[in-house]
Amino acid sequence: QVQLVESGGGLVQAGKSLTLSCLASGTIYSIDLMAWYRQAPGKQRELVAHISADGSTRYGYFAKGRFTISRDKVKNTVHLQMLSLEPEDTAIYYCHGEIQFSGAFRARAYWGQGTQVTVSS
């Protein structure tokens with residue numbers, strides 16, 4: 001199977017930056033896409049950033065101009081650089097991937113356990 005493990009979350013002051021990382025491990029055959037989602041207490045999970053196999057990206061409206069998603073295909077990692085953080089960015093951030101492992105017939109969705117990001121004013 002495949003596991004996704006996030007890292008880099010923590011407490012940061014408003015206006016500062018933080019970078020999250022996600023490592024995909026297991027016997028991976030291919031990765032169709034990787035993405036970051038977030039969920040704040042009492043709110044639904046929402047898309048933060050998405051990167052396709054061809055490198056194309058899209059972002060949630062709140063992330064445009066502030067956040068950048070990148071991917072290292074050799075290391076099977078994806079990163080989320082977050083600049084100018086605001087208290088409203090406080091949430092659990094989840095790594096998501098559509099990944100095919102060896103022995104599987106097609107890709108399926110995987111989720112990490114999440115990493116907490118807290119932004120203080």
Side-chain angles (χ1 to χ4, degrees):
Q1 291 281 3
V2 175
Q3 297 83 41
L4 301 178
V5 180
E6 304 98 331
S7 62
L11 176 64
V12 65
Q13 293 183 340
K16 300 300 183 180
S17 302
L18 198 64
T19 298
L20 307 181
S21 298
C22 174
L23 172 65
S25 62
T27 307
I28 298 172
Y29 177 75
S30 64
I31 299 177
D32 292 344
L33 65 89
M34 297 294 294
W36 288 94
Y37 287 76
R38 73 183 188 184
Q39 187 167 24
K43 297 183 178 180
Q44 65 182 13
R45 187 172 299 185
E46 60 185 348
L47 174 71
V48 178
H50 169 285
I51 184 166
S52 300
D54 65 358
S56 61
T57 60
R58 60 186 176 96
Y59 296 88
Y61 73 93
F62 55 85
K64 293 180 180 178
R66 295 193 300 134
F67 295 0
T68 302
I69 187 171
S70 61
R71 177 176 161 186
D72 187 330
K73 294 185 178 181
V74 175
K75 297 182 179 180
N76 287 330
T77 57
V78 63
H79 306 279
L80 181 68
Q81 182 186 55
M82 302 184 292
L83 307 179
S84 301
L85 285 164
E86 304 170 354
E88 292 74 20
D89 295 317
T90 296
I92 300 176
Y93 285 71
Y94 296 91
C95 181
H96 167 75
E98 294 187 7
I99 301 169
Q100 182 177 357
F101 68 94
S102 65
F105 295 108
R106 63 176 179 84
R108 60 155 290 178
Y110 292 89
W111 292 90
Q113 81 287 351
T115 184
Q116 177 71 46
V117 173
T118 302
V119 184
S120 62
S121 61

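Just so it is clear, the values below take in all heavy atoms, side chains as well, and ignore hydrogens, waters and symmetry mates. Since we're looking at a predicted model, the values are computed, not measured.
Residue Pro87 comes nearest to Ala14 through the heavy atom pair CD-CB, 4.1 Å, listed as atom of the first residue, atom of the second, then distance. A pairwise comparison of heavy atoms in Cys22 and Trp36 identifies CB-CZ2, 3.7 Å as the closest pair. Taking all atoms of both residues into account, the shortest heavy-atom contact from Leu20 to Gly9 is CD2-N, 3.6 Å. For Thr90 against Ala40, the heavy-atom pair with the smallest separation is O-CB, 3.7 Å. Considering every non-hydrogen atom in both Lys73 and Ala53, the closest pair reads NZ-O, 2.6 Å.
Note: Trp111 and His96 have tilted aromatic rings, judged against thresholds of 30 and 60 degrees for the angle between ring planes.
Ile28 and Ile51 end up in the same hydrophobic cluster when Ile, Leu, Val, Met, Phe, Trp and Tyr side chains are linked at under 4.5 Å. Side-chain heavy atoms closer than 4.5 Å link hydrophobic residues (I, L, V, M, F, W, Y) into clusters, and following such links, even through other members, never connects Leu33 to Tyr94. Residues Phe67 and Val12 are members of one and the same hydrophobic cluster, defined by side-chain heavy-atom contacts under 4.5 angstrom among Ile, Leu, Val, Met, Phe, Trp and Tyr. Hydrophobic cluster membership differs between Leu4 and Leu23, with clusters built from Ile, Leu, Val, Met, Phe, Trp and Tyr side chains linked at under 4.5 angstrom. Connection of Tyr59 to Leu18 is established within a shared hydrophobic cluster, with ILVMFWY side chains joined at heavy-atom distances below 4.5 Å, either directly or through further cluster members.
Side chain of Glu6 to main chain of Gln113: a donor-acceptor pair is present (N/O by atom type, distance under 3.5 Å, no hydrogens or angles).
Here Ile92 contributes atom CD1 and Thr118 contributes atom OG1; the two are 9.0 Å apart, rounded to the nearest 0.5 Å. Taking NZ from Lys75 and OG from Ser25, the interatomic distance works out to 15.5 Å, rounded to the nearest 0.5 Å. For the atom pair Leu80 CG and Thr68 OG1, the distance stands at 8.0 Å (nearest 0.5 Å). Within the model, atoms CZ of Arg45 and OH of Tyr37 stand 9.0 Å from one another, a figure rounded to the nearest 0.5 Å. Expressed to the nearest 0.5 Å, how far CD of Gln116 lies from CG of Leu11 amounts to 9.5 Å. Atom OG in Ser121 sits 11.5 Å away from atom CD in Glu86 (nearest 0.5 Å).
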Would Lys16 and Leu85 satisfy side-chain contact (heavy atoms from CB on, under 4.5 Å), going step by step from the backbone distance to the final call? CA-CA 6 Å; Lys16 300 300 183 180; Leu85 285 164; 5.8 Å; no
Test side-chain contact (heavy atoms from CB on, under 4.5 Å) on Leu47 and Arg58 and set out the steps. CA-CA 9 Å; Leu47 174 71; Arg58 60 186 176 96; 3.2 Å; yes
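Within the 4.5 Å cutoff, no side-chain heavy atoms of Val2 are placed close to those of Gln100. By the 4.5 Å heavy-atom criterion applied to side chains, Asn76 and Ile31 are counted as neighbours. Annotation: side chain of Met82 is not in contact with side chain of Val48 (no heavy-atom distance under 4.5 Å). Ser30 places a side-chain heavy atom less than 4.5 Å from the side chain of Asp32. By the 4.5 Å heavy-atom criterion applied to side chains, Met34 and Cys95 are counted as neighbours. A 4.5 Å side-chain heavy-atom check between Arg38 and Asp89 finds at least one atom pair inside the cut-off.
Pairs of residues two or more places apart, or lying in two chains, never qualify as disulfide bond (SG atoms under 2.5 Å apart) while including a residue from residues 32-86.
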